[in-house]
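First comes the structure, then the notes that go with it.
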Amino acid sequence: MSDNQATLNDGSKTTNMPIRSGSIGPDVIDIRKLYAETGKFTYDPGFTSTASCDSALTYIDGDEGVLLHRGYPIGQLAEHSSFMEVSYLLLNGELPSADELAQFSRTITRHTMVHEQLSVFYRGFRRDAHPMAIMCGVVGALSAFYHDSTDIADPEQRKISAHRLIAKMPTIAAMAYKYSVGQPFVYPRNDLSYTGNFLRMTFAVPAEEYEVNPVVERALDRIFILHADHEQNASTSTVRLAGSSGANPFACIAAGIACLWGPAHGGANEAALNMLKEIGTPDRIPHYIARAKDKNDPFRLMGFGHRVYKNYDPRATVMQKTVREVFDSLKVTDPLFETALRLEELALSDPYFIEKKLFPNVDFYSGIILSAIGFPTTMFTALFALARTVGWVAQWNEMISDPGQKIGRPRQLYTGPVQRDYVPVSQR
Ligand code: ACO
């Protein structure tokens with residue numbers, strides 16, 4: 001391998017492939033001409049070694065436990081910034097000035113209402129429908145309402161659809177919750193923050209005033225920051241793949257929501273809390289650790305392990321601290337938090353987890369806070385979807401703006417029957 005190219009010898013031919021460097025992180029071997037030159041594909045199910053795009057949004061160093069958005073460390077953003085500011089940063093590449101932030105927040109606030117006709121959709125769902133089922137349907141349906149922002153070739157329409165999606169997700173998620181508990185929908189209020197407004201739309205009832213608790217508002221805003229983007233994860237790649245065909249942004253985000261729902265991805269926060277409930281008390285932890293290590297048992301420690309982080313997920317550090325702040329403010333405790341802390345301690349001192357580099361991820365503690373705030377477990381993944389929408393939209397927009405963008409179309413290693421002749425049913 002020379003300085004700027006890799007050499008592949010497939011047994012019959014030697015092929016040189018350029019090596020490209022990003023601003024930080026591993027170089028990539030550009031294999032785009034490989035098939036043309038060798039007649040062979042690469043094989044990488046799960047994309048463990050494959051970069052699918054150029055991106056200037058988010059950088060992760062999984063070995064060091066580093067997460068940067070547009071260069072800024074997640075710990076600093078969680079500590080000092082707001083979800084609105086991080087959204088602006090992800091969408092525009094730079095932190096906003098005070099005026100730009102005020103203008104952006106105003107724009108998002110003014111888009112929080114949904115078309116009144118959309119509320120009729122909810123009545124088509126069973127009351128016990130999972131909020132993610134409702135979110136998939138309702139977000140996909142936005143494209144039937146906002147025709148003036150579905151021309152993806154027009155940057156202005158892309159911007160408007162991005163603002164609409166970010167602004168309406170809290171309304172849509174809160175409506176999903178309200179519908180499930182049989183309470184009337186609460187309309188957004190423009191004098192509240194993005195997160196305060198969401199709390200009110202979720203928990204207020206017409207019978208009394210609702211006051212936003214500033215500690216809870218800040219904690220939830222921080223949770224939104226922690227979930228805002230995470231480079232080319234499964235749901236983001238889904239959004240990009242859906243968008244690569246030219247589908248409209250609302251349809252693409254609905255696809256992302258569907259992917260996020262799975263327990264190996266966004267559904268892990270719900271699964272992690274359910275697991276902690278099942279474990280119950282710390283004395284039962286060793287039994288569950290033994291199960292997680294047993295190759296014949298499908299049980300895994302939910303909220304543990306990550307495709308990219310082979311170190312402590314920096315988001316889990318912030319999350320653990322936030323649990324304490326929320327508990328202090330609400331003057332509550334949750335024995336499950338003690339169970340979680342003990343589980344983490346025991347797992348991190350166990351050779352199985354040490355060798356496999358399995359650490360708590362963002363979902364390990366998030367369920368405990370969300371539950372303390374009053375969200376039912378079924379809403380956890382919906383909250384994740386709400387926050388991740390800005391990342392999805394920013395990544396989708398980055399892809400559409402790339403002049404070299406192509407439809408995403410992986411290859412395969414075919415293992416089915418070779419060509420054979422059809423046999424009529426009477427002769428089979
Ligand atoms: N508990 C027990 N063992 C685990 C766990 C776990 N949580 N996670 C991974 N392992 C083991 C696997 O059994 C495997 O062992 P092996 O090498 O002996 O076969 C090894 O660690 C590597 O695991 P893979 O599944 O191959 O790793 P992959 O990168 O494909 O999966 C994933 C990552 C899906 C996150 C996995 O760690 C997992 O299922 N964790 C639990 C679910 C979870 O918390 N998901 C949230 C991810 S964060 C997010 O989406 C926001």
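Indexing begins at 1, ligand by ligand and atom by atom, following the structure's order.
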Could you say whether the N/O atoms of D363 and ligand 1 ever approach to under 3.5 Å?
no
Logged contact type for N233 with ligand 1, heavy-atom cut-off 4.0 Å, is neither
Notebook entry, point to check: Quick check: does H265 get an N/O under 3.5 Å from an N/O on ligand 1?
Noted result: yes
Atom 35 (C) of ligand 1: closest protein heavy atom, distance to 0.1 Å, is G305 O, 3.7 Å
heavy-atom search around atom 1 (N) of ligand 1 in the protein gives L301 N, 3.1 Å
Ignoring angles and geometry beyond distance, decide whether A268 reaches within less than 3.5 Å of ligand 1 through its nitrogen or oxygen atoms.
no
- Message: Quick one, K293 with D350, criterion salt bridge (Lys or Arg N to Asp or Glu O under 4.0 Å). Give me CA distance, side-chain angles, the key distance, then yes/no.
- Response: CA-CA 10 Å; K293 289 158 50 175; D350 188 297; 2.9 Å; yes
*Heavy-atom protein contact below 4.0 Å for atom 27 (O) of ligand 1*: no
Residue, atom and distance of the protein heavy atom nearest atom 3 (N) of ligand 1 read Y352 OH, 2.9 Å
Next on the checklist: Is the ring pair H163/H111 parallel, tilted or perpendicular, if the boundaries are 30 and 60 degrees?
Outcome noted: tilted
With heavy atoms and a 4.0 Å threshold, my read on which part of L358 contacts ligand 1 is side chain
Check your understanding: Would you call the rings of F104 and Y88 parallel, tilted or perpendicular if under 30° counts as parallel and over 60° as perpendicular?
Key -> perpendicular
If you scan protein heavy atoms around atom 41 (C) of ligand 1, the nearest is F304 O, 3.4 Å
- Query: Is the shortest distance from atom 22 (C) of ligand 1 to a protein heavy atom below 4.0 Å?
  - Reply: no
Checklist entry - Can any side-chain N or O of D313 pair as donor or acceptor with the backbone N or O of V362 at less than 3.5 Å? => result yes
So the atoms of ligand 1 within less than 4.0 Å of a heavy atom of F384 turn out to be 51 (C)
Tested for ring-ring contact (aromatic ring centres under 6.0 Å, His included) against F304, the lone hit among Y352, Y312, F353, Y288 is F353
Note: K356, heavy atoms under 4.0 Å from ligand 1, region reported as side chain
Checklist entry - What class does the angle between the rings of F83 and Y194 fall in, given that below 30° is parallel, 30 to 60° is tilted and above 60° is perpendicular? => result tilted
Main-chain N/O of T58 paired with E231 side-chain donor or acceptor, under 3.5 Å: no
TODO: Specify whether Y309 and H230 have parallel, tilted or perpendicular ring planes, treating 30° as the upper limit for parallel and 60° as the lower limit for perpendicular.
DONE: tilted
Numbered in order shown, the ligand 1 atoms found under 4.0 Å of a heavy atom of R307 are 28 (P), 29 (O), 30 (O), 33 (C)
Under 4.0 Å between heavy atoms, the region of F364 that gets near ligand 1 turns out to be neither
**Report entry** Polar atom proximity, G303 to ligand 1 (N or O, under 3.5 Å)
**Finding:** yes
task: If the plane angle is over 60° it's perpendicular, under 30° parallel, otherwise tilted; pick one for Y177 and F203.
output: perpendicular
Min heavy-atom dist K293 to ligand 1 below 4.0 Å: no
Within the 4.0 Å heavy-atom cut-off, what H230 brings close to ligand 1 is neither
task: May I ask you to decide if the ring planes of H265 and F384 are parallel, tilted or perpendicular, using 30° and 60° as cut-offs?
output: perpendicular
**Report entry** R300, any N or O under 3.5 Å of ligand 1 N or O
**Finding:** yes
Between R222 and E325, does at least one N-O distance fall below 4.0 Å, as a salt bridge requires? yes
(Q) Hydrogens and angles aside, do Q395 and Q232 bring a side-chain donor and acceptor to less than 3.5 Å of each other? (A) yes
Practice problem: Look at the aromatic rings of F41 and Y35 and report parallel, tilted or perpendicular, splitting at 30° and 60°. | Solution: tilted
In ligand 1, the atoms that come under 4.0 Å of a heavy atom of A264 are 45 (N), 46 (C), 47 (C)
The protein heavy atom nearest to atom 42 (C) of ligand 1 is M302 CE, 3.4 Å
- Query: If you measure every N/O of V362 against every N/O of ligand 1, is any gap under 3.5 Å?
  - Reply: no
